[in-house]
2 protein chains.
Amino acid sequence: MKSAGKSGHRGKGRITLDDVARRVGVSAITVSRALNNPDKVSEALKERIQQAVLETGYVPNRAARSLASNASKTLAVIIPSVSNAVFSNVIKGIYDVCTPLNYEMIIGNTYYSLKQESNLIEKFLTHMPDGFITTGLDMSDDTRQRLEQSGIPVVQMMETGTREPIDMCVGISHLAAGREMAEYFIRKGYQRIGVIASQLDQRTRNRVQGFLSCVREHAPTQPDRVIADPRPSSVHLGGALFSELLAQFPDTDAIFCCNDDLAYGAIYECQRRHLRIPQQIAIAGFNDLEQSACINPSLTSIAIPLYSIGKTAAEMMLNRLKGQPTPTPVMDLGFRLIERESA
Amino acid sequence: MKSAGKSGHRGKGRITLDDVARRVGVSAITVSRALNNPDKVSEALKERIQQAVLETGYVPNRAARSLASNASKTLAVIIPSVSNAVFSNVIKGIYDVCTPLNYEMIIGNTYYSLKQESNLIEKFLTHMPDGFITTGLDMSDDTRQRLEQSGIPVVQMMETGTREPIDMCVGISHLAAGREMAEYFIRKGYQRIGVIASQLDQRTRNRVQGFLSCVREHAPTQPDRVIADPRPSSVHLGGALFSELLAQFPDTDAIFCCNDDLAYGAIYECQRRHLRIPQQIAIAGFNDLEQSACINPSLTSIAIPLYSIGKTAAEMMLNRLKGQPTPTPVMDLGFRLIERESA
DNA sequence: CTGAAAGCGCTTACAG
DNA sequence: CTGAAAGCGCTTACAG
């Protein structure tokens with residue numbers, strides 16, 4: 001029953017458009033139309049063709065289609081890490097826009113490395129994607145230039161304001177978000193305010209910067225209470241950085257954790273130390289992951305419109321691919337501070 | 001500076017192998033060899049070709065390559081959900097094997113739906129992947145047959161023992177894992193043992209089944225304490241199902257949560273109810289995610305060799321693609337119960 | 001070590 | 001509404 005399909009042989013066994021056409025007694029192009037532009041083929045023929053496709057088990061060859069049509073119907077999507085819950089929401093937004101329009105996505109992870117990002121883009125270029133959706137504005141100059149030269153439209157997601165985008169851009173201002181969290185702490189009356197951060201990608205650094213600048217303005221005599229660690233964000237690391245901050249600044253009364261993961265670790269560490277949150281120490285996070293509403297105490301955090309960012313990025317891209325103008329090449333979708341028990 | 005690259009036009013602007021060849025004064029095939037089989041081309045030529053590639057910004061066209069060589073160098077990978085931490089580890093394992101051998105992955109999510117799985121496989125078939133790596137043995141008969149007819153090698157990941165694989169298979173026995181958890185509870189002296197489950201994919205059902213069958217053998221007069229909910233697993237749902245179980249069976253003294261996510265929710269709910277874990281109620285999870293070691297109390301769970309499953313799946317596949325035999329088409333990689341504070 | 005010819009499976013652009 | 005011709009950019013298989 002098995003049809004060959006081994007690689008290496010030329011065209012061995014596989015059913016082609018021609019096979020289907022011959023079986024129906026029409027030309028290949030007519031079968032192609034029946035499959036791709038059904039309204040350009042008469043009903044009767046369409047049915048016979050459908051039948052033949054089913055009987056033969058014909059599978060269209062995307063590579064051939066892409067080569068002949070000079071359009072891959074593919075969007076290259078580049079994110080730091082799919083295992084990061086933040087990006088799975090973004091991806092969902094892109095996916096939901098692409099799928100109905102028959103665009104496919106190829107997704108790659110940079111693991112927060114500009115070098116890996118560069119390799120990935122180089123690799124994805126060979127797929128001749130119709131568009132690139134990438135993460136962040138902090139791309140290496142070489143990569144940026146490579147993308148510009150390709151002539152392929154680019155949407156950069158997640159952050160706005162730190163730099164001119166290559167082409168289009170949708171996200172939020174992490175600087176403003178960090179600042180807003182500091183203002184919130186100050187409004188709540190906290191005095192000795194610290195921040196812990198990991199990963200230290202540009203967006204995280206911007207949150208720290210916005211946060212610190214506001215804290216400094218408010219309490220110019222206080223030292224900067226900051227622990228920054230380049231390692232990937234994790235619950236475990238959150239506990240460690242929290243401990244480090246308290247070791248250096250034991251009188252800290254509020255801590256902004258630049259990711260919810262870190263905040264969970266900080267909360268667990270407080271539990272082990274029998275520190276009362278927020279009475280003895282306030283904790284806030286960033287991203288507002290699902291768990292933040294469930295943990296004890298529930299976590300004050302900043303929610304980002306992740307799904308909308310993905311959706312908008314895809315919409316901007318598909319709009320462009322339809323040949324329409326881009327009235328707003330930079331879109332700031334804003335964020336929302338979610339007040340809960342922890343701060 | 002922008003080169004055209006718009007779709008719709010035929011071959012507009014893009015640099016091809018021929019362009020590079022002409023510039024160097026050799027034939028296209030020589031350039032192709034310089035790029036793909038460097039040791040078949042003389043040093044001198046190779047350097048001049050590299051130079052020309054750089055100067056022109058030539059990007060090879062994968063579609064053309066795939067069409068001409070009848071090998072896509074692509075593995076189709078089908079998992080329930082990338083946003084599930086469980087699968088990001090598996091993906092990493094596959095990735096680390098594929099990349100050095102220049103295989104690319106296309107990854108698709110079924111969201112635990114057999115219907116979506118079927119659509120996905122249909123879609124991926126058009127990429128002419130050299131292999132399929134799918135999740136679970138519970139595929140619909142139609143899809144299974146479609147895959148068999150394609151003649152493409154298939155590795156099914158994650159579970160073993162519930163059914164003959166289509167081709168190859170690597171995973172663990174979820175039945176045995178559930179059973180082991182029950183034995184552990186019994187050994188620890190718990191008497192009124194319950195289980196909560198969500199998602200209810202085949203692997204989860206098998207864990208429940210293995211767990212329950214062992215509990216029944218040990219306490220034949222007790223009722224089945226089970227709450228099963230088809231919704232996706234989440235921390236929030238864990239709290240809800242935990243509450244439901246306690247409402248139905250208030251004297252339960254130990255609960256197996258079929259995912260760590262559910263267990264976190266159960267732990268948070270215990271904290272809110274001021275129930276002491278494990279003294280008043282024991283909690284155990286499944287998968288041993290990163291957070292399970294950090295939460296309070298730390299979570300007893302079952303660890304699966306996720307990375308190894310992915311790695312092995314890819315190795316079995318690439319082995320087959322090299323034309324080598326498959327001595328062990330079904331591989332059980334085993335699991336490990338991690339004892340911590342919660343049970 | 002290098003090349004001329006043919007072909008992979010499809011779609012475009014032009015006719016009719 | 002349907003088709004004959006040409007071509008997308010690459011690699012295979014055969015020579016030399």
Side-chain angles (χ1 to χ4, degrees), chain A residues 4-22 24-49 53 56-73 102 125-128 130, chain B residues 4-22 24-49 53 56-73 102 125-128 130:
Chain A
K6 280 282 161 235
S7 72
H9 307 194
R10 304 264 287 193
K12 191 85 162 47
R14 214 158 255 159
I15 309 289
T16 71
L17 208 53
D18 261 315
D19 296 329
V20 177
R22 243 191 312 267
V24 179
V26 294
S27 72
I29 171 66
T30 301
V31 178
S32 168
R33 273 195 282 254
L35 265 29
N36 301 313
N37 301 304
D39 31 277
K40 290 191 174 172
V41 175
S42 71
E43 271 313 317
L45 250 176
K46 227 175 348 193
E47 268 178 42
R48 282 170 53 210
I49 289 171
V53 165
T56 54
Y58 167 67
V59 174
N61 185 328
R62 267 185 90 86
R65 172 200 242 282
S66 167
L67 190 59
S69 70
N70 194 29
S72 60
K73 282 281 206 172
N102 265 312
L125 241 14
T126 69
H127 286 95
M128 309 289 152
D130 298 334
Chain B
K6 280 281 161 238
S7 71
H9 306 196
R10 305 266 285 193
K12 191 88 163 42
R14 212 158 256 155
I15 309 289
T16 71
L17 208 52
D18 260 315
D19 296 330
V20 177
R22 243 190 313 266
V24 179
V26 295
S27 71
I29 170 66
T30 301
V31 178
S32 168
R33 272 196 283 255
L35 264 29
N36 301 313
N37 301 302
D39 30 278
K40 289 191 172 172
V41 176
S42 71
E43 270 315 317
L45 251 176
K46 227 173 352 192
E47 267 177 41
R48 284 170 52 211
I49 289 172
V53 164
T56 54
Y58 168 66
V59 175
N61 185 327
R62 267 185 88 87
R65 173 201 242 280
S66 167
L67 190 60
S69 70
N70 193 29
S72 61
K73 282 280 205 172
N102 265 311
L125 242 14
T126 69
H127 286 95
M128 309 287 152
D130 297 336

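Quick caveat, the model's predicted, so the values are computed rather than measured. Each chain gets a letter, A, B and so on, in the order its sequence line appears, and its residues count up from 1.
- Look at B:S42 and you'll find a side-chain N or O under 4.0 angstrom from OP1 or OP2 of C:dT2.
- Of all nucleotides present, only D:dC1 satisfies the Watson-Crick or G-U wobble test against C:dG16, with each distance under 3.5 Å.
- For A:Y58 against A:L35, the heavy-atom pair with the smallest separation is CE2-CD2, 3.7 Å.
- Regarding contacts with the backbone of C:dT11, every side-chain N or O of A:S69 stays at 4.0 angstrom or more from both OP1 and OP2.
- Comparing B:M128 and B:R33 along DNA chain C, the residue whose closest nucleotide (by nearest heavy atom) sits nearer the 5' end is B:R33.
- Comparing C:dT2, C:dT11, D:dG9 against the side chain of B:A68 picks out D:dG9 as the nearest.
- Residue B:T16 places its side chain closer to D:dC10 than to any other of D:dC10, C:dC10, D:dT2.
- Of the possible donor and acceptor atoms, one in the side chain of B:S72 sits under 3.5 Å from a partner among the backbone N and O of B:M128.
- Across the protein-nucleic acid pair, A:I29 atom CD1 and D:dT2 atom P stand 12 Å apart, rounded to whole Å.
- Put simply, A:N36 has a side-chain N or O that comes within less than 4.0 Å of OP1 or OP2 on C:dT11.
- For A:S32 (side chain) and A:A28 (main-chain N/O), no donor-acceptor pair under 3.5 Å exists by modelled atom type.
- At distances below 3.5 Å, not a single donor-acceptor pair connects side-chain atoms of A:N37 with backbone N or O atoms of A:K40.
- C:dG9 atom P lies 7 Å from atom CG of B:L67, rounded to whole Å.
- Residue A:N70 contributes atom CG, which lies 7 Å from atom P of D:dG9 at whole-angstrom precision.
- Computed from coordinates, the A:L35 CG to C:dG9 C1' distance equals 13 Å when rounded to whole Å.
- For the pair A:D39 CG and D:dC1 C1', the interatomic distance rounds to 12 Å; values are reported in whole Å.
- Computed from coordinates, the B:D18 CG to C:dA4 P distance equals 11 Å when rounded to whole Å.
- Side chain of A:K46 to main chain of A:P38: a donor-acceptor pair is present (N/O by atom type, distance under 3.5 Å, no hydrogens or angles).
- Regarding B:E47, its CD atom lies at a distance of 16 Å from the C1' atom of C:dC1, rounded to whole Å.
- Place B:S27 and B:A64 on DNA chain C by their nearest nucleotides, and B:S27 ends up nearer the 5' end.
- We find that CZ of A:R22 is positioned 19 Å from P of D:dT2, with the value rounded to whole Å.
- At a cut-off of 3.5 angstrom, counting only N and O atoms as typed in the model, there is no donor on one side facing an acceptor on the other between the side-chain of B:R62 and the base of D:dG9.
- A:S32 has no side-chain polar atom (N or O) that falls below the 4.0 Å cut-off from OP1 or OP2 of C:dC10.
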